[in-house]
Amino acid sequence: MNVGVSNGNCNPNSTYFNSKGIWLTYILIIAFCHYVLLSLPFLSVAMAWTLTNILHNVIMFFILHVEKGTPFETPDQGKFRYRTVWEQLDYGVQFSASRKFLTVVPIILFFLASFYTKYDMYHFGVNATSLLVVLIAKLPQLDGVRIFGINKY
């Protein structure tokens, strides 16, 4: 790879989640982080599951819905500069396999966190709020929409 030269792909943000093994790697990273939280002696199992869910949703919200542009030099002449990573994913095609996967993972984490917290009202409220924030941001109706002008530029 030459320094200062763009790669052959027009926008790597659009296709990296279709790479071989990325879904498995993503799940393994979540599991590893959960096991790290479980290994902390001062955290209960319920708190570890809630923290796993919250940390996952917060990190992925910032990566997918706050981060804009591409971290690579691309030949698109700034076409994707004002688009979030979620909006760039699969070149904007709604309901692609990658988008479905990234929508289902927080839902499964929510179900697991709810089960292992024994549906405690506090944990359930925190986990449900986190899930709603992440899922609402993924709706096709909000593609390109900036609520209250947040993250407009």
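Numbers here simply count residues along the sequence, with the first being 1. Computation of the quantities below employed the complete heavy-atom set of this structure, encompassing side-chain atoms and omitting hydrogens, waters and symmetry-equivalent molecules.
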I need the His34 NE2 to Ile29 CD1 distance, nearest 0.5 Å. 16.0 Å
Is a side-chain N or O of Glu67 found less than 3.5 angstrom from the main chain of Val85, in a donor-acceptor match? no
Could you walk me through whether Phe110 and Phe124 pass the side chain to side chain contact (heavy atoms under 4.5 Å, CB included) check? CA-CA 9 Å; Phe110 170 74; Phe124 186 82; 3.5 Å; yes
For the student: nearest non-hydrogen atoms of Asn53 and Pro106, plus distance: OD1-O, 4.3 Å
Under the side chain to side chain donor-acceptor pair (under 3.5 Å) rule, what pairs show up with a residue in residues 108-123, not counting sequence neighbours? Thr50-His123
Connected hydrophobic set around Leu28, excluding itself, where side chains approach under 4.5 Å: Leu24
Note: with side-chain heavy atoms under 4.5 Å as the link, the other cluster members for Val36 come out as Phe32
For Phe101, does the CZ atom sit with more than 12 other heavy atoms under 6.0 Å from it, leaving out its own atoms? yes
Identify the heavy atoms of Trp86 and Arg99 that sit nearest to each other, and give their distance. O-NH2, 2.6 Å
When rounded to the nearest 0.5 Å, the distance separating CH2 of Trp49 from CG of Leu109 is 6.5 Å
So the side chain to side chain donor-acceptor pair (under 3.5 Å) pairs with at least one residue in residues 18-32 (sequence neighbours excluded) are Asn18-Asp90, Asn18-Ser98, Tyr26-His56
Mind checking whether Phe115 and Met121 sit in one hydrophobic cluster, side chains of I, L, V, M, F, W, Y counted as touching below 4.5 Å? no
Listed by chain and number, what are the side-chain contact (heavy atoms from CB on, under 4.5 Å) partners of Pro140, not counting sequence neighbours? Gln94, Phe95
Taking distance alone, no hydrogens or angles, what donor-acceptor pairs closer than 3.5 Å link side-chain atoms of residues 128-139 to residues at least two apart or in another chain?
{"unit_1": "Thr129", "atom_1": "OG1", "unit_2": "Gly125", "atom_2": "O", "d": "2.7"}
{"unit_1": "Ser130", "atom_1": "OG", "unit_2": "Asn57", "atom_2": "ND2", "d": "2.7"}
{"unit_1": "Lys138", "atom_1": "NZ", "unit_2": "His65", "atom_2": "NE2", "d": "3.3"}

Evaluate the criterion side chain to side chain contact (heavy atoms under 4.5 Å, CB included) for residue pair Ile30 and Val105; output intermediate values, then yes/no. CA-CA 10 Å; Ile30 294 171; Val105 169; 3.8 Å; yes
Which Ile, Leu, Val, Met, Phe, Trp or Tyr residues join Leu55 in one cluster when any pair of side-chain heavy atoms under 4.5 Å counts as a link? Leu37, Leu40, Phe42, Leu43, Met47, Leu51
Which heavy-atom pair separates Phe17 from Leu102 by the least distance, and what is that distance? CZ-CD2, 3.5 Å
Strictly distance-based, threshold 3.5 Å: is any side-chain N or O of Glu87 a donor or acceptor partner for the main-chain N or O of Thr84? yes
